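The sequence lines fix the lettering, A, B, ..., with proteins before strands; numbering per chain opens at 1. These values consider heavy atoms only, across backbone and side chains, with no hydrogens, waters or symmetry-generated copies. If you're wondering where the values come from, they're calculated on a predicted model, not measured in any experiment.
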Protein chains: 2
Amino acid sequence: MARETGTKRIEASERTLEILGFLAGRERTTATEVAERLGIAKSTTHYHLKTLEDAEFVVRERDGYRVSLNLLTMGHDVVSQMSTYQAGKAKVDELARETGELCILMVEEHGYGYYIYDNRGEDAVNFDTAGNRKRLHDNALGKAFLSQVSSERVDEIVERHGLPATTPRTITDREKLDAELETARTEGVAFDYEEQLNGLCCVAAPIRDTQSDDVSVRGAISVAVPASRAQDDYFTEELPRAVSDAANIIELERQDY
Amino acid sequence: MARETGTKRIEASERTLEILGFLAGRERTTATEVAERLGIAKSTTHYHLKTLEDAEFVVRERDGYRVSLNLLTMGHDVVSQMSTYQAGKAKVDELARETGELCILMVEEHGYGYYIYDNRGEDAVNFDTAGNRKRLHDNALGKAFLSQVSSERVDEIVERHGLPATTPRTITDREKLDAELETARTEGVAFDYEEQLNGLCCVAAPIRDTQSDDVSVRGAISVAVPASRAQDDYFTEELPRAVSDAANIIELERQDY
DNA sequence: CCGGGTGTTCGACAGGATTGAACGGACCAC
DNA sequence: GTGGTCCGTTCAATCCTGTCGAACACCCGG
């Protein structure tokens with residue numbers, strides 16, 4: 001959706017943002033390295049970095065530049081204003097308490113899934129989650145989301161981001177993906193058996209937008225469990241029911257925000 | 001530290017970043033409103049927004065523009081690379097488990113305190129914390145930090161951000177602040193009695209950088225408790241000991257990263 | 001069908017972004 | 001101590017581009 005049309009862009013700003021994005025993916029980096037990697041004159045790079053530093057988007061330390069924590073705060077503020085977050089936070093907490101597992105709230109943007117909130121129950125597995133960005137095809141949250149959008153939209157996303165594998169079980173095949181989305185659509189929940197991360201399995205339910213005429217999705221909610229617990233009724237019945245209950249309640253409450 | 005020297009900045013980029021910062025503080029905003037508020041021509045604003053949108057720093061929705069969740073992820077990535085985070089995360093988890101309270105890890109930047117990680121124990125109070133940015137004078141974390149920097153540095157920060165009050169008990173007086181910092185320096189921990197938020201009290205210890213010659217600080221760690229529990233030995237002895245133990249261990253481990 | 005609010009395009013001009021080369025400073029090896 | 005290397009910084013000239021207001025196109029509600 002985003003990219004090219006024929007209209008004008010501000011090239012200087014594009015460069016500044018390119019530098020910012022470049023820094024974001026790295027540890028501390030020197031100005032000269034930025035210049036070399038991006039193919040910009042060293043002096044030019046310097047002015048861009050000064051501008052970024054002035055505006056407090058970038059911090060300079062002994063051994064190089066890095067992105068400022070300001071971005072974290074700005075991102076956090078955006079999340080706080082999202083209705084899916086406002087309606088979903090309490091439900092995630094509750095679900096984590098009840099199941100004792102790790103529960104996650106996701107929202108889609110630019111064809112990615114952003115994990116905007118999580119809570120760990122007693123027995124929960126332990127990783128970074130909140131703040132992360134993931135592809136949509138290799139995890140339950142993403143598949144729950146995709147199960148609710150038009151197939152053109154899926155095309156668009158797959159075309160943009162591909163279907164890269166992160167484990168041997170990741171779905172890398174468009175037809176296989178479609179089949180799973182179909183069953184997810186009928187069952188109301190999506191599963192993930194170590195497709196994103198070895199040892200981790202998930203169940204997720206989409207959070208739809210019930211107020212607009214054509215039903216649309218914004219995100220999804222999930223429970224993540226260690227593979228050892230991903231079996232029997234617990235994983236195929238109990239958790240799916242809990243997750244989709246939670247999703248339904250969020251859908252209703254979301255309208256109040 | 002940051003702002004003015006005589007050197008050149010890239011004005012177009014300054015504008016782009018100004019717009020981005022402006023959007024960050026608001027809900028969805030229309031392009032024309034941005035133009036009016038910032039005093040930029042509507043057409044110019046449009047090009048800037050297109051540029052930001054292209055680079056996926058901003059998202060356009062029906063009723064206006066908003067900042068992209070990309071910023072959240074970028075911020076999150078920065079945090080993951082910080083040695084204070086890497087060394088402190090596990091300790092915060094442990095402290096939360098032991099005390100049952102809310103524990104927070106803070107890092108300083110640009111004269112602000114950024115809450116980069118938290119964990120809630122069983123009985124913990126419940127707010128947004130991680131991702132937030134706070135002033136340094138009105139809470140235990142900030143005061144623990146300030147207690148370890150030169151008084152010139154404190155001057156600088158106070159001058160830049162002032163001493164605004166958020167509750168009746170906030171310290172708004174420079175001498176009172178200095179006195180508290182002095183006792184924090186000797187005791188090794190700082191306290192906060194409902195100075196930032198009514199009903200909330202904290203104990204915090206600074207996390208120093210022990211490897212450089214001149215000892216410097218990077219952040220602080222704290223326990224936050226409801227005012228009702230902020231009394232007796234629990235608050236004046238037990239928690240301070242637990243918090244400064246944790247801080248010391250982090251200081252040692254930080255060197256490995 | 002019109003009106004008010006958007007976002008969008010246009011062309012012209014002035015002013016700024018870009019560049020390479022040259023300078024200054026910190027640090028390390030020897 | 002000294003030479004070398006790497007970094008950031010500055011400069012002045014060139015060309016290009018960001019800026020602007022006005023005019024256009026769009027969408028929605030009345």
Side-chain angles (χ1 to χ4, degrees), chain A residues 1-20 22-23 26-55 57-68 211-214 216, chain B residues 1-23 26-68 211-214 216:
Chain A
M1 272 258 118
R3 33 221 72 194
E4 72 291 323
T5 46
T7 47
K8 193 163 114 185
R9 303 297 138 87
I10 291 159
E11 300 181 7
S13 302
E14 279 185 321
R15 284 193 158 179
T16 303
L17 296 175
E18 187 189 0
I19 291 173
L20 185 55
F22 177 72
L23 288 177
R26 311 178 34 100
E27 314 227 346
R28 258 144 269 172
T29 311
T30 66
T32 23
E33 188 174 357
V34 174
E36 281 167 6
R37 296 299 207 89
L38 300 183
I40 309 175
K42 198 170 54 157
S43 51
T44 309
T45 309
H46 175 247
Y47 293 126
H48 281 278
L49 284 168
K50 257 262 159 353
T51 308
L52 282 164
E53 192 188 358
D54 252 41
F57 278 79
V58 148
V59 176
R60 184 175 170 181
E61 295 182 340
R62 282 164 228 315
D63 43 355
Y65 293 87
R66 53 154 254 254
V67 170
S68 163
Q211 55 191 333
S212 60
D213 331 337
D214 61 324
S216 63
Chain B
M1 273 261 116
R3 33 221 71 193
E4 71 295 320
T5 45
T7 47
K8 193 165 117 186
R9 304 296 138 89
I10 292 159
E11 299 183 6
S13 303
E14 280 185 320
R15 281 194 160 178
T16 302
L17 296 175
E18 186 188 1
I19 291 173
L20 185 56
F22 177 73
L23 288 177
R26 312 177 35 101
E27 315 227 346
R28 257 144 272 173
T29 312
T30 66
T32 23
E33 188 173 0
V34 174
E36 283 168 4
R37 296 299 208 89
L38 299 184
I40 308 175
K42 198 171 51 157
S43 51
T44 307
T45 309
H46 175 247
Y47 293 127
H48 281 278
L49 284 169
K50 257 262 153 9
T51 308
L52 282 165
E53 192 188 359
D54 251 39
E56 305 195 346
F57 278 78
V58 147
V59 177
R60 184 176 172 183
E61 295 182 338
R62 280 161 230 315
D63 43 357
Y65 293 86
R66 55 153 251 256
V67 169
S68 162
Q211 53 190 336
S212 60
D213 331 335
D214 61 324
S216 63

Distance from [X] atom [atom1] to [Y] atom [atom2], nearest 0.5 Å?
{"X": "A:Arg15", "Y": "A:Phe22", "atom1": "CZ", "atom2": "CZ", "value": "14.0 Å"}
{"X": "A:Tyr65", "Y": "A:Leu20", "atom1": "OH", "atom2": "CG", "value": "13.5 Å"}
{"X": "A:Thr7", "Y": "B:Tyr47", "atom1": "OG1", "atom2": "OH", "value": "8.0 Å"}
{"X": "A:Lys50", "Y": "A:Arg60", "atom1": "NZ", "atom2": "CZ", "value": "6.0 Å"}
{"X": "A:Leu38", "Y": "A:Leu23", "atom1": "CG", "atom2": "CG", "value": "8.5 Å"}

Measure the distance from [atom1] on [X] to [atom2] on [N] and round it to the nearest whole Å.
{"X": "A:Ile10", "N": "C:dT8", "atom1": "CD1", "atom2": "C1'", "value": "14 Å"}
{"X": "A:Asp63", "N": "C:dC27", "atom1": "CG", "atom2": "P", "value": "12 Å"}
{"X": "B:Glu61", "N": "C:dT6", "atom1": "CD", "atom2": "C1'", "value": "16 Å"}
{"X": "B:Arg9", "N": "C:dG15", "atom1": "CZ", "atom2": "C1'", "value": "19 Å"}
{"X": "B:Glu33", "N": "C:dG7", "atom1": "CD", "atom2": "P", "value": "10 Å"}

field: First encountered from the 5' end of DNA chain D, between A:Gly64 and A:Tyr47
entry: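 Final value for this comparison: A:Gly64.
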message: Please compare A:Thr30 and B:His48 by the position of their nearest nucleotide in DNA chain D and report the one closer to 5'.
response: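 Between the two, 5'-proximity favours A:Thr30.
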task: Would you grab the first and last nucleotide of DNA chain D (5' to 3') that comes under 4.0 Å of any non-hydrogen atom in chain A?
output: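 That gives a stretch of D:dC7 to D:dT19.
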- prompt: Got a sec, which residues hit side-chain contact (heavy atoms from CB on, under 4.5 Å) with A:Thr45, two or more places apart in sequence or on another chain?
  reply: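 So A:Thr45 forms a side-chain contact (heavy atoms from CB on, under 4.5 Å) with A:Ile19, A:Val34, A:Ala35, A:Ile40, A:Leu49.
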query: Among residues 39-46 of chain B, which contact DNA chain D at a heavy-atom distance under 4.0 Å?
result: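 DNA chain D contact set from residues 39-46 of chain B: B:Ile40, B:Ala41, B:Ser43, B:Thr44.
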- prompt: Which ones in residues 11-21 of chain B lie close to DNA chain D, meaning a heavy atom under 4.0 Å from one of its atoms?
  reply: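 Within residues 11-21 of chain B, the residues near DNA chain D are B:Ala12, B:Arg15.
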message: Does B:Arg62 reach a base, just sugar-phosphate, or nothing at all? Heavy atoms under 4.0 Å.
response: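 The residue B:Arg62 makes no contact with any strand.
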query: Are B:Lys8 and C:dG16 close enough that a side-chain N or O sits under 4.0 Å from OP1 or OP2?
result: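 The answer is no; no side-chain N or O of B:Lys8 sits under 4.0 Å from OP1 or OP2.
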Pairs meeting criterion salt bridge (charged side-chain N to carboxylate O under 4.0 Å, His left out) with involvement of residues 27-41 of chain B, two or more places apart: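 Sorted pair list: B:Arg26-B:Glu33, B:Arg28-B:Glu61, B:Arg28-B:Asp63, B:Glu33-B:Arg37.
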- request: Could you tell me, to 10°, how much the axis swings from one end of the helix from C:dG7-D:dC24 to C:dA22-D:dT9 to the other, five pairs per end?
  value: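 For the helix from C:dG7-D:dC24 to C:dA22-D:dT9, the axes at either end differ by 70°.
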- prompt: Taking only residues two or more places apart in sequence or in another chain, which ones pass side chain to side chain donor-acceptor pair (under 3.5 Å) with A:Thr16?
  reply: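 Expected list: A:His48, B:Ser13.
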